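Every value quoted in this text rests on a predicted model; they were computed, and no experiment measured them. Along the sequence shown, residues are numbered consecutively beginning with 1.
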Amino acid sequence: MRESQDAEPEELEEPEEPEESEESAGPPDGEAGHLREIGRKAGRGLGWSLLGTLATRAGSFLMGLVLARLLSPEDFGIYAVALAATQFVMVVKDIGVMAAVVQWRGRLEDVAPTATTLSMISALTLYGAFYVGAPYFSSLAGSEEATPVVRLLTAVILIEAVTAVRSATLLRRFHVGKSAKAILAGFLVNAPVAIALAAEGAGPYSFAWGQVAGAVVTGVFMLAYARLPWRLGFDRGVAKKLLWFGIPSAAGIALEIMLLNVGYIIVGAIMGPDWLGFYLMAFNVSSWVPGLIGTAIRSVSIAGFSRLAERDEQSLSLGVQKSVPMLITAILPLAVAMAVLAHPLIYFLYGEKWGQAAGVLRFLAVLMVVRMLTSFALDILNGQGATRSTVWMNLGYGVALIPAVIVGTHLDGIRGAAVGQAAAALLVALPLAMLAVQRTGVRLRPILPQLVRPFAGAAVSFAVTVGLATLTGGSQFLQLVVGGAGGLLVYVLIVVPLHQMRTVGGHMMERLPAGHRHPVPVEATAKEH
């Protein structure tokens, strides 16, 4: 039984672009047309989200390169403690109200005032608790110096509370382009503030003030784009439905974030802030792909799966069966390259002083793949309304993860911590996620045949990348370029069917002006490339 609201489903919102409105496209013809319409809107939203996320992640990457040269590993370690606290409070700040608004089965205007009130009360209460508890949290993480940074950085939730329902409105309507623009605007403020402060010797405070400044700018844009009056109100019936869905959803995602960051706390407590800085650097690199692809997917996945779940279990199953193989196909070659080329990647980008992070990155590449799959499972469960399943899934993972990281850290330092985190994710978190999704009626067995090519391609890509990296071992740059490109090329040739290459080649030829087309058939072009 789905744990969702019983209100009538609302109609899909009008898309952003007038030329793609529902009137111009014609009414959907039955269930197939409805699924295509959801797919069209989700696909367009995913494209906007990928574009916006790519821009901000590229900027974050460049900012990280600059800050790595301005700050010390200890500064990164202190920031890691504050970041772990912030990521946790960002999830539970509105007790799941934002996710509940995205999934809400009724009119948005009926729920917005109550949702805004709940978000504000929750954020104020949580920030007060963290302000008082910051010294204890920092001491537990082995870095008492992080206390004021924790207090400053967690203040972001007060800004987010003002805009939470408006952000959910944009996601609900698949207006991801506007949301991406708001986030990009915030980053364009965040980066110069952080870099300028770091250059002036602000240390870990540079990160914190940069993020606070960026959050303010993003919030202003969110309020303007949502076009939803900002009103406080309270309806007991609406509040009950929001909390019935939201609290388990927030608890499940909060557990996900907490378990994702538990390595910071354990490494910091056992080994101190310097080693924690190395661990954070490796973890940040392993988060590039989840940060880019995972963030873009999450911006449309809950809304998309929610719309599919409104139809029936079969529609949701079909959506999952199509999307999961695509996700795995996209992330496997990146994980292989990250694991094999960890040392040249860290040395080339950040310098020799960060070399201790490379051995950690190899194992966190495995965690990256599992992390994206389990996060996707959470989105499926939240979209279907099975929010309580996300809690039990992450509790089971936590029982295995915490002792695994503690033992690993004592046995082999930060590398042992990474091994423990990756092993617990692969052997416990992933099976629990699959079980939880299957128990809601989603059929996963049809996915298995579609995974043969990606995993075969990943195995061959691994061997090719290792060989090419060995041959070019005298140059870190050549290892990255030759090893990475060679492994990716082999993966594509194995995984992408020939007929799809021909189709893509044909589309590219059709888009070229007549004078620029090659006088050879599409089949020949596909074979050559």
Side-chain angles (χ1 to χ4, degrees), residues 57 60-90 137-147 149-150 152-154 190 194-195 198 202-208 210-211 257-291 338 342-343 345-347 349-368 371 401 405-406 408-409 412-422 425:
R57 293 292 169 176
S60 297
F61 168 70
L62 295 175
M63 184 177 75
L65 291 179
V66 175
L67 292 176
R69 284 159 172 77
L70 294 174
L71 302 175
S72 68
E74 183 179 2
D75 291 330
F76 272 79
I78 292 173
Y79 173 66
V81 175
L83 181 64
T86 304
Q87 289 183 336
F88 174 77
V89 299
M90 285 292 288
F137 178 86
S138 301
S139 178
L140 179 64
S143 180
E144 295 181 0
E145 304 92 332
T147 296
V149 185
V150 170
L152 174 59
L153 194 56
T154 52
N190 177 359
I195 292 174
Y205 285 96
S206 56
F207 287 106
Q211 290 205 19
I257 296 297
M258 183 174 67
L259 295 175
L260 189 63
N261 290 284
V262 73
Y264 299 160
I265 308 301
I266 295 173
V267 169
I270 296 175
M271 304 194 67
D274 285 342
W275 286 104
L276 176 55
F278 290 122
Y279 192 87
L280 174 64
M281 176 60 75
F283 196 89
N284 283 346
V285 175
S286 75
S287 297
W288 287 350
V289 176
M338 188 176 294
H343 279 86
L345 182 63
I346 293 294
Y347 276 80
L349 293 178
Y350 299 104
E352 292 186 7
K353 74 175 183 179
W354 293 101
Q356 296 288 347
V360 178
L361 182 57
R362 293 184 183 277
F363 300 100
L364 292 182
V366 177
L367 175 65
M368 177 196 77
R371 169 185 170 186
L401 174 65
V405 176
I406 292 174
T409 305
D412 197 17
I414 57 174
R415 186 171 60 179
V419 172
Q421 201 163 3

(request) State, with a plain yes or no, whether a side-chain heavy atom of V360 is found less than 4.5 Å away from one of F283. (result) no
(request) Taking all non-hydrogen atoms of both residues into account, name the closest pair between H343 and A358 and its distance. (result) CD2-CB, 3.4 Å
(message) Can you list everything that forms a ring-ring contact (aromatic ring centres under 6.0 Å, His included) with W275? Sequence neighbours excluded, please.
(response) F278
(message) For a 4.5 angstrom cut-off between non-hydrogen side-chain atoms, does Y205 reach L152?
(response) yes
(request) State, to 0.1 Å, how close A422 and F363 come at their nearest heavy-atom pair, and which atoms those are. (result) CB-O, 3.5 Å
(message) Looking at T154 and V150, would you say the former's side chain and the latter's main chain have a donor-acceptor pair under 3.5 Å?
(response) yes
(request) Among V262, T409, L280, find the residue that satisfies the side chain to side chain contact (heavy atoms under 4.5 Å, CB included) test when tested with V267. (result) T409
(request) Output all residues satisfying side-chain contact (heavy atoms from CB on, under 4.5 Å) with L345, sequence neighbours left out; order by chain, then residue number. (result) V285, W288, L349, L361, L480
(request) Would you give the length of the straight line joining atom CG of L364 to atom CG of N284, rounded to the nearest 0.5 angstrom? (result) 10.5 Å
(request) Return the set of residues passing salt bridge (Lys or Arg N to Asp or Glu O under 4.0 Å) with R362 (not counting sequence neighbours), or none when no residue passes. (result) none
(message) Measuring from atom OG of S139 to atom CD of E144, what distance do you get when rounded to the nearest 0.5 angstrom?
(response) 4.5 Å
(request) Nearest 0.5 Å please: distance from the CG atom of N190 over to the CD1 atom of I195. (result) 9.0 Å
(request) Search all heavy atoms of R415 against all heavy atoms of D412 and return the closest pair with its distance. (result) NE-OD2, 2.8 Å
(message) Looking at every non-hydrogen atom in both residues, tell me the closest pair between S287 and R371 and how far apart they are.
(response) OG-NH1, 2.9 Å
(request) Determine the minimum heavy-atom distance between Q421 and L259, stating which atoms define it. (result) NE2-O, 3.7 Å
(message) Looking at every non-hydrogen atom in both residues, tell me the closest pair between D75 and P204 and how far apart they are.
(response) OD1-CD, 3.4 Å
(request) Would you give the length of the straight line joining atom CD1 of I266 to atom CG of L276, rounded to the nearest 0.5 angstrom? (result) 11.5 Å
